[in-house]
Amino acid sequence: MIDLKLLEKDFENIAKRLKAKGVKEEDLKNIKILFEEKKELKTLLENYQAKRNSLSKNIGLLMREGKKEEAEKIKIQVNEIKEKIEELNEKLKKIEEELDLKALSIPNLPDEDVPVGKDENDNVEIKRVGEIPKFDFEVKSHDEIGEELNWLDFKAGVKLAKSRFTVLKSEAARIERALINFFLDHNRSYGFEEVYVPFLVNSETMTATGQLPKFKDDLFKIEDEDLYLIPTAEVPLTNLFRDEIISDLNEPVKLTAYTPCFRKEAGSYGKDTKGIIRQHQFDKVELVAITKPEDSDKMFEEMVECASNALEKLELPYRQLMLCTGDLGFSAAKTIDLEVWIPSQNKYREISSVSNTRDFQARRGKIRYKEGKKNRLTHTLNGSSLAVGRTLVAIMENYQTKDGKVKIPSVLQKYM
RNA sequence: GGAGAGAUGGCUGAGUGGUCGAAAGCGGCGGCCUUGAAAGCCGUUGAGCUCGCAAGGGCUCCCAGGGUUCGAAUCCCUGUCUCUCCGCCA
């Protein structure tokens, strides 16, 4: 959630920065007004409550002394105040509800150094790593290879579930599993603790990390239960610390987990319909870190480095992109995407996304740490390391041979 | 799915209508003692919002939401969750 106090104090600046992320100034103005109204009402209400409390205390004392008549008089007074309190309370509740819903739907403030831009075309390339492979034969796409080798069974996926579900067979299934193990080990070597988490979480959890209330249409929900399938391990991992006060955060919390991820992919109907680039269910190994505010920039670098290095070990060509304001996700203040080379498409495609959300999720989830006597909000970061399905795609395409087979990257061999 | 019990501060746990934001113990922090440590002793130690330069003050929070009452952690209703036993089951 954005910092409402900051919004109140520094409206022009915040509005300007959020405009780059597509937020209307009018909406912010609205929130600011609601926030001020809420504060005013609350002060008024609290005054009445204070009065009620002290009068009630007096009644108690008088009753004990046996002064019934005096007590009765005060009761009448209190009853008047009570009506007032009820009225104000109702008003306040309405305003708070509205404010909450609106404030929770405002995206995070982009960092000052994030390039301003409209969409993915304005993202800024930071660097390219690795040689783009040259083939002396016509390259095939991973879905062609997958069908020829009987590694990818698209029909079976549709039969069992629906489109955008795929069954992996034989070597593909084994590479998938090898990749998960390789990534987890790789991340552990960077000091991330391996965790295994639930794949279903409740709405409170989804709200803290920003999926709810605004993006409920992207989530699979369990019928008649307050449970959703996770769209990324970022959600359970970050929420491990929801409503917690971390007593010592001198060393950042660093976690990694493998989970499948489930996304409805609403609104991407035409895109990537072939192959397994965009699926309703895909595997991912995720990194999450929780740091003091002053440590999050360093951690961000470390996570980008960790994910990048995994690609380098796999000897897959990739590039790093700094996302522009318009392409930044809802919760992110800053994001670097890693894109891997996909020969059949002749372009780089996203395979990892590392984000610093600053205190945006921490504020929603009340993730705090002790700094002396004070409790301060942490920063939270997340990044894929890596998207497993897309890594499989990259391997199938970049490692394909003339005779229609696929070589196994050397780092993976011990995992197979 | 059936039956029962319960939900209180970092943890254990007392509290059944007023002086309770809450006993006590543990843990944490500070100090004394000690060459150092342990033990012991003394003190301190919930969160959020808000007013104030500060000292300090006010409000809210004892699972959640309603209700009774001048006043609710405490009484009533509803919901959620947890635990135990039985059933089912990887």
Side-chain angles (χ1 to χ4, degrees), chain A residues 1-9 31-32 34-101 103-104 196 198-208 212-213 221-228 236 239-251 253 260 290 359-378:
Chain A
M1 192 154 82
I2 54 159
D3 185 348
L4 292 175
K5 277 188 243 175
L6 196 67
L7 180 75
E8 188 186 28
K9 219 170 61 193
I31 288 173
K32 186 182 170 216
L34 276 172
F35 180 61
E36 285 164 347
E37 244 179 289
K38 175 191 135 177
K39 279 206 334 198
E40 206 174 303
L41 254 180
K42 210 168 173 182
T43 311
L44 193 62
L45 174 67
E46 283 179 3
N47 285 337
Y48 280 114
Q49 284 172 324
K51 190 131 192 208
R52 177 200 61 195
N53 290 347
S54 74
L55 286 178
S56 285
K57 227 169 248 182
N58 281 343
I59 292 174
L61 292 175
L62 288 171
M63 292 292 246
R64 210 161 311 143
E65 289 168 26
K67 297 177 180 166
K68 267 208 170 146
E69 270 172 47
E70 276 180 63
E72 286 302 324
K73 272 188 210 161
I74 300 180
K75 272 193 197 180
I76 295 166
Q77 270 185 60
V78 176
N79 272 328
E80 280 168 27
I81 293 174
K82 239 172 83 174
E83 273 172 43
K84 207 76 191 172
I85 288 175
E86 244 163 77
E87 184 192 319
L88 288 173
N89 228 334
E90 231 156 273
K91 255 196 214 168
L92 183 66
K93 223 199 252 175
K94 264 192 200 149
I95 287 178
E96 275 181 336
E97 252 169 50
E98 195 184 342
L99 178 63
D100 244 32
L101 189 68
L104 283 173
Y196 180 84
F199 304 159
L200 299 176
V201 300
N202 60 34
S203 54
E204 208 175 324
T205 296
M206 284 293 190
T207 305
L212 290 177
K221 186 176 187 310
I222 304 298
E223 205 177 352
D224 298 327
E225 297 256 16
D226 181 33
L227 287 173
Y228 299 81
N239 272 279
L240 283 172
F241 295 89
R242 173 159 54 81
D243 292 320
E244 299 285 339
I245 299 169
I246 301 167
S247 57
D248 179 8
L249 198 54
N250 284 323
E251 285 303 314
V253 174
I290 296 180
D359 61 9
F360 185 81
Q361 293 177 326
R363 182 171 295 105
R364 287 172 159 246
K366 298 188 180 64
I367 306 174
R368 293 151 295 171
Y369 72 100
K370 280 253 179 257
E371 181 75 72
K373 284 212 153 200
K374 281 247 193 291
N375 299 322
R376 291 171 68 198
L377 292 175
T378 66

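For the numbers below, each heavy atom of this structure counts, side chains included, while hydrogens, waters and symmetry mates do not. These figures come from a predicted structure and were not determined experimentally. A note on names: the letters A, B, ... follow the listed sequences, proteins ahead of strands, and every chain is numbered from 1.
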Using the [atom1] atom as the reference point in each nucleotide, state the distance between [N] and [M] in Å, no decimals.
N     : M     : atom1 : answer
B:G65 : B:A7  : C1'   : 16 Å
B:U8  : B:C20 : C1'   : 12 Å
B:U19 : B:U74 : C1'   : 16 Å
B:C76 : B:A24 : C1'   : 31 Å
B:A22 : B:G46 : P     : 9 Å
B:G21 : B:A47 : C1'   : 10 Å
B:G4  : B:G87 : C1'   : 15 Å
B:G17 : B:C89 : C1'   : 48 Å

Give one of base, sugar-phosphate or nothing for [X], where a contact means two heavy atoms less than 4.0 Å apart.
X        : result
A:Ile74  : nothing
A:Asn53  : sugar-phosphate
A:Lys370 : sugar-phosphate
A:Lys93  : sugar-phosphate
A:Lys51  : nothing
A:Asn375 : sugar-phosphate

Within residues 76-84 of chain A, residues whose heavy atoms come under 4.0 Å of RNA chain B: A:Val78, A:Asn79, A:Lys82
Please name the pair of heavy atoms, one in [X] and one in [Y], separated by the smallest distance, quoted to 0.1 Å.
X        : Y        : value
A:Gly365 : A:Ala208 : CA-CB, 3.8 Å
A:Thr378 : A:Ala362 : O-CB, 3.2 Å
A:Lys38  : A:Leu99  : CD-CD2, 3.7 Å
A:Val201 : A:Pro236 : CG1-CB, 4.3 Å
A:Leu45  : A:Leu92  : CD2-CD2, 3.8 Å
A:Tyr48  : A:Leu88  : CD1-CD1, 3.6 Å

side-chain contact (heavy atoms from CB on, under 4.5 Å) partners of A:Asp226, counting only residues at least two apart: A:Asn202, A:Ser203, A:Tyr228
What pairs with A:Lys5 under side-chain contact (heavy atoms from CB on, under 4.5 Å), at least two apart in sequence or on another chain? A:Asp3, A:Phe35
Acceptor/donor pairs from residues 74-84 of chain A side chains to any protein atom, 3.5 angstrom cut, sequence neighbours excluded:
residue, atom, partner, partner atom, Å
A:Asn79, ND2, A:Lys75, O, 3.4

Is there a Watson-Crick or G-U wobble partner for [N] with both distances under 3.5 Å, and if so, which one is it?
N     : value
B:G52 : none
B:G30 : B:C42
B:U84 : B:A3
B:A37 : none
B:G71 : none
B:A47 : B:U60

Which sits closer to the 5' end of RNA chain B, A:Thr43 or A:Arg368, going by the nucleotide each is nearest to? A:Arg368
Nearest nucleotide by nearest heavy atom, which residue falls closer to the 5' end of RNA chain B, A:Lys366 or A:Ser54?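 Its nucleotide being nearer the 5' end, the pick is A:Lys366.
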What is the 5' to 3' range of RNA chain B, first to last nucleotide, that sits under 4.0 Å from any heavy atom of chain A?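 The protein-touched segment is B:G18 to B:G71.
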Taking side chain as C-beta onward, heavy atoms only, is A:Glu204 less than 4.5 Å from A:Asp243?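 Answer yes - side chains close enough.
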Name all residues meeting the ring pair (Phe, Tyr, Trp, His ring centres under 6.0 Å) criterion together with A:Phe241; count only those two or more places apart in sequence or in a different chain, and write none if there are none.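 By the ring pair (Phe, Tyr, Trp, His ring centres under 6.0 Å) rule, A:Phe241 matches no residue at all.
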